[in-house]
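Letters A, B, ... mirror the listed sequences (proteins, then strands); counts begin at 1.
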Amino acid sequence: MEASPLVRDVDEDVRLMLAFRDGDGAAFDELFRRWAAPLLRYLQRMLRDSASAEELVQEVFLRVHRSRERYSPDARFSTWLYRIATNLALNELRRPRSRPAIHASTDTEEATPLRDTGLRPDEAAHLRQLARSVSAGIERLPDKQRAALCLSVVEGQSYAEIAATLDTTEQAVKALVHRARSALAANLPEREY
Amino acid sequence: MSIHDLCESDDPSFEQDLSMLLDGELDPLREADVRRHLDGCTHCSRLLATFGVVDRTLRAEALPEVPSALLRNIEAALERDPAGQALQDPRSERPQTAAESARRPNGPREAGVRQLARPRGGTWWRSAPWLALAASLVIYVAVNDPAVDFEQVPEEELGVALELDTIRDLDVIANLELVEQLAALGAG
């Protein structure tokens with residue numbers, strides 16, 4: 001299983017980006033290898049459209065490539081990466097849709113593949129039910145709430161980093177994350193937790 | 001006012017503190033207060049547990065498989081356009097306004113990126129605005145034909161009305177084709 005961005009060595013990303021800035025092409029490939037999958041997952045959640053998400057992943061890395069000479073490590077590499085991705089995604093969401101959303105229906109288990117957690121079948125079934133509820137709920141969230149929640153919970157960004165990404169205040173991020181989380185909690189199937 | 005009073009009054013700011021607790025965003029003093037409150041409040045403990053379920057579910061989703069073509073597409077795009085000449089905003093750190101986004105309904109986001117099959121079309125009217133004007137005029141006349149009052153068509157004559165609609169549609173199509181033929185002649 002790939003390591004989550006949360007537990008990755010942050011300095012390693014900066015080192016790779018600086019190496020790439022100084023002409024090491026292999027460092028770019030390594031950054032792509034480390035971040036393409038988490039970025040794709042984030043953009044799939046944002047856009048609910050796999051093909052558009054893949055196109056945006058390409059664009060994000062193109063912009064990283066073309067901006068390498070201007071890169072300065074004054075923030076985490078991932079913050080910069082997700083800022084580019086988020087702005088592209090929000091711009092994309094404002095455009096008229098030309099493709100059906102792949103996650104419009106979450107009736108199928110394939111819509112939300114889960115990590116292999118070694119759970120018992122009944123636990124796995126319950127987890128899938130939860131995943132379907134959360135997926136259905138997250139699709140109904142306003143774009144910025146969805147972005148704030150994913151950046152906080154899944155990508156592990158601080159409220160300050162999310163505020164910079166969404167071009168808003170930390171206070172607003174607190175509200176965005178909490179509203180999103182409350183909406184999803186209200187959408188969960190009945191069960192004692 | 002104690003933290004328990006806040007809960008009793010359903011203060012939404014306390015629920016927000018539960019979110020912040022999960023995100024590690026509370027300052028240590030406030031975190032200690034919240035944890036003390038949680039020890040004696042079933043309602044808040046359950047709410048926190050539910051928030052925790054949401055978080056764990058979100059984190060449980062597997063990472064998607066990245067198509068191997070993505071990196072190749074990036075390399076190909078960089079070969080075609082190394083400096084990103086067509087880039088509007090190289091760092092893309094400014095979100096576009098709604099108007100800016102709508103201005104490019106189907107256009108490529110950036111030169112060089114391989115676009116997956118995206119439906120295009122409907123642009124003929126851009127290259128011949130006068131043709132669009134003529135087509136609009138034909139449609140307007142057809143739709144506003146004073147000879148037919150849809151409100152007054154009895155139910156038993158609905159089939160006839162639908163037939164009339166079909167004839168009208170065919171007529172509009174024929175007129176459009178005529179206009180296009182005239183345009184082609186004019187262009188020639």
Legend entry - From A/L176 atom CG to B/S19 atom OG, the distance as rounded to the nearest 0.5 Å: 11.5 Å

Inset, instruction - State, yes or no, whether a side-chain contact exists between A/L184 and B/F51 at a heavy-atom distance under 4.5 Å. - result: no

Legend entry - Per-residue contact mode, B/E65 against chain A (heavy atom under 4.5 angstrom): backbone

Inset, instruction - Check whether any side-chain heavy atom of B/V66 lies under 4.5 Å from a side-chain heavy atom of A/V57, and answer yes or no. - result: no

Inset, instruction - Could you grab the distance from atom CZ of A/F28 to atom CG of B/L78, nearest 0.5 Å is fine? - result: 6.5 Å

Legend entry - Side-chain ion pair, A/K174 and B/D17, N-O less than 4.0 Å: no

Legend entry - Segment of A/T86 engaging chain B (4.5 angstrom heavy-atom cut-off): neither

Inset, instruction - Keeping the roles fixed (side chain from A/E54, backbone from B/L70), state whether a donor-acceptor pair exists under 3.5 Å. - result: no

Inset, instruction - Grab the two heavy atoms, one from B/T50 and one from A/A185, that are nearest each other, plus how far apart they are. - result: CG2-CB, 3.7 Å

Legend entry - Structural part of A/A85 lying under 4.5 Å from a heavy atom of chain B: neither

Inset, instruction - Count the heavy atoms belonging to other residues, nucleotides or ligands that lie under 6.0 Å from CZ of A/R179, then report whether that count exceeds 12. - result: no

Inset, instruction - Determine the minimum heavy-atom distance between A/L40 and B/P67, stating which atoms define it. - result: CD2-CD, 4.3 Å

Legend entry - Rounded distance (nearest 0.5 Å) linking atom OG of A/S152 with atom CG of B/D55: 7.5 Å

Inset, instruction - Working to the nearest 0.5 Å, report the span between CG of B/L71 and CZ of A/F32. - result: 5.0 Å

Inset, instruction - Give the minimum heavy-atom separation between A/R181 and B/D23, together with the two atoms involved. - result: NH2-OD1, 2.7 Å

Legend entry - Nearest heavy-atom neighbours spanning A/D29 and B/E75: OD1-OE2, 4.1 Å

Legend entry - Check: B/E61 main-chain N/O paired with A/R41 side-chain donor or acceptor under 3.5 Å: yes

Inset, instruction - Quick one: pull up CZ in B/R59 and SG in A/C150 and give me the separation to the nearest 0.5 Å. - result: 11.5 Å

Legend entry - Closest contact, heavy atoms only, A/R66 versus B/A77: NH2-O, 3.7 Å

Legend entry - Taking every non-hydrogen atom, the tightest pair across A/L149 and B/L58: CD2-CD1, 3.6 Å

Legend entry - CG-CD1 distance between A/L62 and B/I74, expressed to the nearest 0.5 angstrom: 5.5 Å

